[in-house]
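These notes are about the structure you will find just below.
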There are 2 protein chains.
Amino acid sequence: MSAVSRPTSTDVARRAGVSRATVSHVLNGTDHPISEATRQRVLAAARDLHYAPNASARALRAGRSNIVLLPMPRSGSLPGQDVFLAHLGRELAGMGLDLLLHGDHTASGVEGARMWAELRPAAVFLDTSRGTQPAVALLRQAGVQAVLLSGVPAGPYAPSVPIDPSAVARVATRHLLSQGHRRLSCLVPGGEWAALAERRFEAVVEAAQIENALVERVDCSLAVSSIAPAVARWRNPAHRPDAVYAYNDEFALMLIYALREAGLDVPRDIAVVGSGNQPLGAILRPTLTTTHFLVPDLAHAVASSLRRLLDGRELDPALAAAVQPRLIVRESA
Amino acid sequence: MSAVSRPTSTDVARRAGVSRATVSHVLNGTDHPISEATRQRVLAAARDLHYAPNASARALRAGRSNIVLLPMPRSGSLPGQDVFLAHLGRELAGMGLDLLLHGDHTASGVEGARMWAELRPAAVFLDTSRGTQPAVALLRQAGVQAVLLSGVPAGPYAPSVPIDPSAVARVATRHLLSQGHRRLSCLVPGGEWAALAERRFEAVVEAAQIENALVERVDCSLAVSSIAPAVARWRNPAHRPDAVYAYNDEFALMLIYALREAGLDVPRDIAVVGSGNQPLGAILRPTLTTTHFLVPDLAHAVASSLRRLLDGRELDPALAAAVQPRLIVRESA
DNA sequence: CAGTTATAGTGACACGTGTTACCCGCCCGA
DNA sequence: TCGGGCGGGTAACACGTGTCACTATAACTG
């Protein structure tokens, strides 16, 4: 393996027969006047050497970077995580910003903030659960220009994107109520889903209260056996809810299957609504009524807000609309 | 907003009443002897000031960073992407490495390589489609210590993890053949799935050839209407395949649904196998035979290999096993 | 007591970049 | 002829860190 030296701007300067300062002026497009001839020489030299400026040195000198740091979101805190990240990354790249997802999703609090601060990012995009007041303060003190929080409730100490992963439950419940359903039930899976499930359950209860509707709680897991007792009970019309919010589309499909096995018809006997707009929901019959976020719009609004924040402006007004979940009415409810 | 100064090691030194060099020795745990008393003073000062070392300056001085850069994988190139990333991030964090996912998945080739090189990462983990020879050469020249490629075929110019997203198709096909099926069919969805689908189809054909089995190709999309013609044809036993490889679990579930609607029984009339081990496959009847990667194992082996590569050793031998897809036999085939 | 060794601490340099202030030659106007 | 503006280019500093070489005191060893 040849011990090639990583080319620096000095190498480019030497090859072009000019000073390093000139190289910098050319490559960064300063308004400093440079003759076209030398400009071309410098560009050619940089290309020949495959010169790539050292981001560390640049950031050190400038006192800031163009990094947008996104600590690895814990599962469920961002809707459509991989799609969201893909869109956000492309959007930010178009704005001259580098999205960096930082690895360990267990890091949090002040301890995590110190790790994130080490990179001296221009901006950090955090969920509220980890963006505590001291964490945000530490980041600010480390020179992070923009700290954007995601979640509800919004912290008063930093601008926030009110992405509420439980909002889909609210929208779904409103739809059920508008259809005249008053006896509701809600699946509440445990395990890895527990945290989000509790919040969605609360959202359902809250929305139901407005119409004085009652909500039965069904703890479960992703196995038919876990909902079998409830389904058996519901065979008796006296104990049967009008409609079920099933936490998400997977649970909804499982529930619909179990109901059919028990001889109950969806939506005639029980209406079912899920969340997430999984493709299968549009395919299997009865097709699934669901609620979801427009993830691309959301990513666009977040990217735009970050850019505006860095420019000293306020959040993108389009955010308010983008965080609203959408309802897709199909056959199941 | 108060214009607080970002604390540097100089500030810590001043507060502790020692020199900056001493601060560095204490905070980095050098073998240089430092009295316990001053050690504590320094640590206290650092804590009080919420000191976080500047990663840029550190990397600049050291000539290397502890960043593992993973350019955003294009969809389908990594199995179980979000889970994989979560595991990989945690594993690397435990090894003192920072996983950074870099934003724009459209960047590629030499142009992309220059962007990635700017960060001067310690290691880069790339799929072979973007890890072309010149790209790898550029990264190496920029001082990247370890370039690890993911995909098949392995490039001869860099160590590779032979993760083959189409290997699941091979395993599925072998299972079908071992069950005595000789007339096979394969779903080949277009659109966003086209690239991966083609490769999986080829893998099926290849595996089938060994037993002189024929493979019918069924182009389709994620809509029942797209497979309706094939299903209609299969109602005639003379035109009916013994088994279908359905690209993935979603398509498999869609297919099973369509077959049942057409009065065909799975697996009696036609066997079906998918890929991905989606939870629903284990729930709906007939439960779905499927193939998938053990993503956590894969992430562990990749993390371990990166660490070893940085230490100048060879890849983790556990990789060979970790890249093998697993077969889960259930009712459908 | 002289000489070696460990302990505790510091000064100064280099990493690669962007930018400010400066220099030099030229042309123009008075 | 002289001063001044301008196009074209450069020297030199600062960013924050890690580490090498070095000093000084104290502790042994013979």
Side-chain angles (χ1 to χ4, degrees), chain A residues 5-43 45-46 49-67 114 117-122 141-143, chain B residues 5-43 45-46 49-67 114 117-122 141-143:
Chain A
S5 62
R6 336 158 189 209
T8 74
S9 74
T10 305
D11 298 322
V12 176
R14 182 169 25 235
R15 185 171 233 267
V18 296
S19 79
R20 214 175 47 68
T22 303
V23 171
S24 181
H25 283 131
V26 170
L27 263 41
N28 295 298
T30 323
D31 55 359
H32 193 92
I34 298 285
S35 77
E36 186 58 22
T38 55
R39 223 180 73 82
Q40 291 303 334
R41 283 220 312 286
V42 169
L43 290 176
L49 296 176
H50 300 299
Y51 171 67
N54 185 322
S56 296
R58 188 192 292 237
L60 177 58
R61 156 68 207 194
R64 68 201 134 81
S65 67
N66 57 349
I67 290 178
R114 186 159 43 240
E118 290 188 13
L119 282 172
R120 299 291 190 271
Q141 193 182 349
Chain B
S5 62
R6 322 141 205 225
T8 74
S9 74
T10 305
D11 298 322
V12 176
R14 182 167 26 235
R15 186 172 233 268
V18 296
S19 77
R20 215 177 46 68
T22 302
V23 171
S24 180
H25 284 131
V26 170
L27 264 41
N28 295 299
T30 324
D31 55 359
H32 195 94
I34 298 287
S35 77
E36 187 58 23
T38 58
R39 222 179 73 83
Q40 292 302 334
R41 283 219 314 287
V42 169
L43 290 175
L49 296 175
H50 300 300
Y51 171 67
N54 185 322
S56 296
R58 186 191 293 236
L60 177 59
R61 156 68 209 196
R64 65 199 138 83
S65 66
N66 57 348
I67 291 178
R114 186 158 42 241
E118 290 187 13
L119 283 171
R120 299 292 191 274
Q141 194 182 348

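Within every chain, numbering begins at 1; the chains are lettered A, B, ... in the order of the sequence lines, protein sequences first and strands thereafter. What you see is a predicted model, and the numbers here were worked out from it, not measured in a lab.
Side-chain contact between A:Q141 and B:H50: present, with at least one pair of heavy atoms (C-beta onward) separated by less than 4.5 Å. Between B:R41 and B:V18 there is a side-chain heavy-atom pair separated by less than 4.5 Å. You'll find the side chain of B:R120 stays beyond 4.5 Å of the side chain of B:R64, heavy atoms only. Side chains of A:V12 and A:L49 form a contact here, defined as non-hydrogen atoms less than 4.5 Å apart.
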Which atoms of nucleotides 9-15 of chain C (N or O only) lie under 3.5 Å from a protein N or O atom, and what are those distances?
from, atom 1, to, atom 2, distance (Å)
C:dG9, OP2, B:S35, N, 3.2
C:dG9, OP2, B:S35, OG, 3.4
C:dG9, OP2, B:T38, OG1, 3.0
C:dG9, N7, B:H32, NE2, 2.5
C:dG9, O6, B:H32, NE2, 3.1
C:dT10, OP2, B:S19, N, 2.9
C:dT10, OP2, B:S19, OG, 3.0
C:dT10, OP2, B:T22, OG1, 2.6
C:dC15, O2, B:R61, N, 3.4

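Residue B:Y51 places at least one side-chain N or O under 4.0 Å from the OP1 or OP2 atom of D:dT17.
With rounding to the nearest 0.5 Å, the separation of OG in B:S56 from CZ in B:R61 is 16.0 Å. Rounding to the nearest 0.5 Å places CG of B:L27 at 8.5 Å from OG of B:S9.
C:dG16 atom P lies 12 Å from atom CZ of A:R14, rounded to whole Å. One atom, CG of B:D31, and another, P of D:dA21, lie 14 Å apart when rounded to the nearest Å. Note: CG (B:L27) to P (D:dG18) measures 8 Å, nearest angstrom. Atom CG in B:L49 sits roughly 15 Å away from atom C1' in D:dG16 (whole-Å rounding). Rounded to an integer number of Å, the gap from B:N28 CG to D:dC20 C1' is 15 Å. Here C:dT19 presents its C1' atom at 12 Å from CZ of A:R64, a figure rounded to the nearest Å.
Comparing B:R120 and B:E36 along DNA chain C, the residue whose closest nucleotide (by nearest heavy atom) sits nearer the 5' end is B:E36.
Closest of all the heavy-atom pairs between A:N66 and A:A122 is CA-CB, 4.4 Å. Heavy-atom minimum distance, B:A117 versus A:A52: CB-CB, 4.2 Å.
Side-chain atoms of A:N54 lie closest to C:dT17 of the nucleotides C:dT17, D:dG18, C:dG18.
B:R14 pairs by the side chain to side chain contact (heavy atoms under 4.5 Å, CB included) definition with B:T10, B:D11, not counting sequence neighbours.
Remark on the helix from C:dC1-D:dG30 to C:dA30-D:dT1: inter-end axis angle 60°, axes from five-pair C1' superpositions, rounded to 10°.
Here A:S9 lies in heavy-atom contact (under 4.0 Å) with sugar-phosphate atoms only.
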